[in-house]
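Reading through the structure tokens given below for one structure.
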Amino acid sequence: MQRDEQIFSIIRKELERQRRGLELIASENFTSLQVMQAMGNVMTNKYAEGYPGHRYYGGCEMVDQSEQLAIDRAKQIFGVEYVNVQPHSGAQANASVMMAVLKPGDKILGLDLSMGGHLTHGSPVNFSGKLYEPHFYGVNKETGLIEYDKMEQIAKEVRPKLIVCGASAYSREWDYKRIREIADSVNALIMADIAHPAGLIAKGLLDSPFDYCHFVTTTTHKTLRGPRGGMIMIGKDFENPFGIKTPKGEIRKMSSVMDLAVFPGVQGGPLEHVIAAKAVSFLEILSDEYTQYAKQIVKNAQSMSKAFVSKGYQIVSGGTDNHLMLIDLRNKNVTGKKAEQALVKADITVNKNMVPFDDKSAFVTSGIRVGVPAITTRGLTENHMPQIVEWIDELLMDPDNEQKISSVRTAVNQFMQQFPLYPELG
Ligand code: DSN
């Protein structure tokens with residue numbers, strides 16, 4: 001068969017783009033070469049509906065071993081009783097939890113998308129806001145911190161069946177204990193979506209949600225640095241709240257209900273090649289090297305946030321406890337859209353992001369979200385952060401100055417040559 005030079009040439013250019021730039025998108029990272037190798041393997045050819053030892057297809061002996069390894073390693077990382085590694089993405093992990101515990105029309109309470117939440121936490125344009133009745137809590141206008149009192153007040157008013165915590169653009173720690181108290185007071189279950197900070201939680205650098213939240217979902221490709229995909233965890237398995245019975249009349253544990261929600265509830269055949277790559281990345285996470293990496297993420301984020309503040313930038317909530325920060329650009333007279341465009345032209349990749357109480361649309365926005373997991377993987381340390389902020393500041397002060405954009409791009413490209421990415425790929 002003819003080799004597809006066209007698509008491989010595009011992939012090659014993407015490698016070059018990744019190599020020469022400063023990747024500051026908070027949700028992105030660079031997997032190890034072995035994670036990528038595990039992803040591109042013959043398991044993509046295999047159908048394996050079901051779970052290890054209980055499949056609807058023959059020939060699953062090898063994928064059973066690989067999926068079981070992924071499950072066991074994830075259990076070890078997070079110290080949990082139940083893991084499902086089949087969700088194709090974080091969105092499907094969240095859909096599966098909702099499928100497991102909600103009926104259409106049930107009420108859910110999540111963080112408002114415009115305050116840092118996620119589409120799958122009840123946005124009206126998403127399945128979560130269409131199938132269920134969404135309600136939202138937010139952050140305080142002055143402090144930028146989650147308003148737990150308001151969360152409680154809304155929970156008492158609407159009595160949601162599921163409270164969703166976790167965010168895509170919130171830089172502070174979560175008070176899981178308080179959320180559990182609120183949930184218990186209205187008889188709600190809790191889903192914590194830790195897609196962003198999962199790697200820091202795995203290493204004890206942020207509070208763990210498992211003692212308080214009934215379900216924890218994550219993606220595997222952000223701070224966890226694995227292949228693109230999702231995962232569901234339950235800290236301690238429990239009897240399902242709806243008393244679903246097996247044909248033998250047994251009450252099913254939540255783990256069984258959750259397995260059935262992922263398959264056949266939301267998905268068909270699992271992506272066993274991606275699950276193999278998840279297993280590889282989980283082994284990496286268990287290493288001391290990854291522990292050092294996670295600690296470096298925190299140092300880099302702290303250093304970057306200080307550098308922004310010293311240049312007069314307003315970080316929502318005043319700083320960061322995790323790997324990212326949301327910068328409100330309203331005092332800098334530049335929109336998120338304009339900022340993103342100028343930075344991207346200089347090979348500094350960020351995303352425009354709405355800030356709490358934004359007066360601009362999601363297409364324009366008043367802010368940018370900046371994260372350090374990817375540059376930390378490249379090998380950058382806290383001492384490099386002020387220079388990055390210097391470049392960003394130069395561009396945002398004069399976003400239409402093409403000469404400046406060009407000189408910063410040259411400096412960025414030269415700088416990144418010190419931090420080789422996938423040298424094995426030539
Ligand atoms: N799109 C992801 C992010 O950038 O945070 C969340 O799904």
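For the single chain, residues carry numbers from 1 onward in sequence order. Remember, it's 1-based here, ligands and their atoms both numbered in the order they're listed. Below, each value reflects all heavy atoms present in this structure, side chains not excepted, and no hydrogens, waters or symmetry copies.
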Would you tabulate the polar-atom pairs, meaning N/O of ligand 1 against N/O of the protein, with distances under 3.5 Å, reported to 0.1 Å?
from: ligand 1; atom 1: 4 (O); to: S27; atom 2: OG; distance (Å): 2.7
from: ligand 1; atom 1: 4 (O); to: R369; atom 2: NH2; distance (Å): 2.8
from: ligand 1; atom 1: 5 (O); to: H196; atom 2: NE2; distance (Å): 2.7
from: ligand 1; atom 1: 5 (O); to: R369; atom 2: NH1; distance (Å): 2.8
from: ligand 1; atom 1: 7 (O); to: H118; atom 2: NE2; distance (Å): 2.8

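- Inter-residue side-chain proximity for M231 and N84 is flagged as unmet; no heavy-atom pair is nearer than 4.5 Å.
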Donor-acceptor contacts under 3.5 Å from residues 348-356 side chains, at least two apart:
from: N351; atom 1: OD1; to: R369; atom 2: NE; distance (Å): 3.2
from: N351; atom 1: OD1; to: R369; atom 2: NH2; distance (Å): 3.2
from: N351; atom 1: ND2; to: N353; atom 2: OD1; distance (Å): 3.2

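- Other residues, nucleotides and ligands contribute at most 12 non-hydrogen atoms within 6.0 Å of the CG atom of N333.
- Ion pairing of D237 with K253 is absent here, as no side-chain N (NZ or NE/NH1/NH2) approaches a carboxylate O to less than 4.0 Å.
- Annotation: side chain of T120 is not in contact with side chain of S123 (no heavy-atom distance under 4.5 Å).
- Seen from the ring of Y290, R225 does not count as a face-on cation partner, given the 6.0 Å and 45° thresholds.
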